[in-house]
Each structure stands twice: as structure tokens, then as C-alpha cells.
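Encoded as C-alpha cells, the structure appears first; notes follow it.
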Amino acid sequence: MSEISKILAINGSHRSQEGISEVLLRTFLKGAQAAGAECEVFYPSRMKISPCRACHQCILETPGQCFYQDDMAVLIEKMDTAELMVWTAPVYFDTAPSNMQKLLERLMPIYGTIFA
């Protein structure tokens, strides 16, 4: 089994670095870093992520490229190079926080590459 050297972590809590999700995430990442992994954390609550408009341009007209030019382009690029992704978020009203939902919806440009 090969070692994982590049980890992308996403903390979907609105409280960013102050909540329990951050405590759990940092505990995991501390162990990963001790094993030699490079870790990078993103906080959707601090990012400019526009809501998906479900135009399907990213699939039909400009495959892999969203209509919006915002922070999602950087995040999708990081996802492409990560060997492991770790997602954490509190559960609000039986679902993920709104900023995490928005991020998940904006993954449409890469749906084809994930399931291929």
C-alpha cells in the first residue's frame, strides 16, 4: 500500500476554525502530517462561491468550465491533484450547512470525471 502524501480538507462549518468540526479535522490532519502528508484546508464560509444556476453550460458548452469565475475554480483544481479528500461539517436540520451545499452543487463541471 502506498502512502498518501497530499490531502485536501474541506471544513463546511459556518464557524470555520472555531467549531467542533475543526477540532475533529485538525486531529485527523495532525496524524496525517506526522506521517508525512502535505495538508491543505479550505473553508467554504470564507470563499466566494456563487450558487449553481443549473444552466448545464459546464457540461454541454464548455465541458469542465463553469459560467462563474470564482473560488470554485481553484478548489476544483486542488481536488484534481489531491490524493485524498477529507470533508467535515456539522449537521444542520438533518443536512449539511448551506455553504457546503452550495459547494457540492458547484461540482457539476467535474461530475463526468468523477464517475468515469
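Residues: numbered from 1 along the sequence shown. Only a predicted model underlies this, so the values are computations on that prediction, with no experimental measurement involved.
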Revision key, fill the gap. Apart from Y68 itself, members of its ILVMFWY cluster (side-chain separation under 4.5 Å) are F67
**Study point:** Distance in Å, N99 CG paired with S45 OG, rounded so as to fall on 0.5 Å steps
**Key:** 5.5 Å
Check your understanding: At what distance, to the nearest 0.5 angstrom, does CD1 of I10 lie from CG of L103?
Key -> 5.5 Å
Check your understanding: In terms of hydrophobic clusters joined by side-chain contacts under 4.5 Å, are V86 and L24 together?
Key -> no
Exercise for review: Report the distance from atom CZ of R53 to atom CZ of R106, rounding to the nearest 0.5 Å.
Suggested key: 10.0 Å
**Study point:** Short side-chain to backbone donor-acceptor contact, E38 and K6, under 3.5 Å
**Key:** no
Practice item. Check step by step if side-chain hydrogen bond (donor to acceptor under 3.5 Å, both in side chains) holds for E22 and S13. Key: CA-CA 8 Å; E22 180 72 9; S13 174; over 6 Å; no
Check your understanding: Rounded to the nearest 0.5 Å, what separation is found between the NZ atom of K102 and the CE atom of M47?
Key -> 10.5 Å
Check your understanding: So, R26 versus Q33: side-chain donor-acceptor pair below 3.5 Å or not?
Key -> no
Point to revise | Pairwise side-chain contact, P90 with P97, heavy-atom cut-off 4.5 Å (strictly under) | key: yes
**Study point:** Any S5 side-chain heavy atom under 4.5 Å of E83 side chain
**Key:** yes
Check your understanding: Got more than 12 heavy atoms from elsewhere within 6.0 Å of CG, L84?
Key -> yes
Revision key, fill the gap. Nearest heavy-atom contact between I4 and A37 is O-CB, 3.7 Å
Check your understanding: If you group Ile, Leu, Val, Met, Phe, Trp and Tyr by side-chain heavy-atom gaps below 4.5 Å, do V91 and Y43 land in one group?
Key -> no
Review point. To the nearest 0.5 Å, how far apart are CD1 in I59 and CD1 in I110?
Key: 11.0 Å
Exercise for review: Would you check, one step at a time, whether the test side-chain contact (heavy atoms from CB on, under 4.5 Å) holds for M108 with Q57?
Suggested key: CA-CA 10 Å; M108 190 177 292; Q57 179 177 325; over 6 Å; no
Check your understanding: What pair of heavy atoms forms the shortest contact from Q69 to C66, and how long is it?
Key -> NE2-O, 3.5 Å
**Study point:** Short side-chain to backbone donor-acceptor contact, E40 and L8, under 3.5 Å
**Key:** no
Study note, to complete from the structure: Residues at least two apart in sequence or cross-chain that pass ring-ring contact (aromatic ring centres under 6.0 Å, His included) with Y92, listed by chain then number, are H14
Check your understanding: Do the side chain of D71 and the main chain of I49 share a donor and acceptor less than 3.5 angstrom apart?
Key -> no
Revision key, fill the gap. In this structure, CE of M100 is separated from OG of S21 (nearest 0.5 Å) by 8.5 Å
Check your understanding: Taking all non-hydrogen atoms of both residues, which atom of Q65 and which atom of P109 are closest, and how far apart?
Key -> N-CB, 4.3 Å
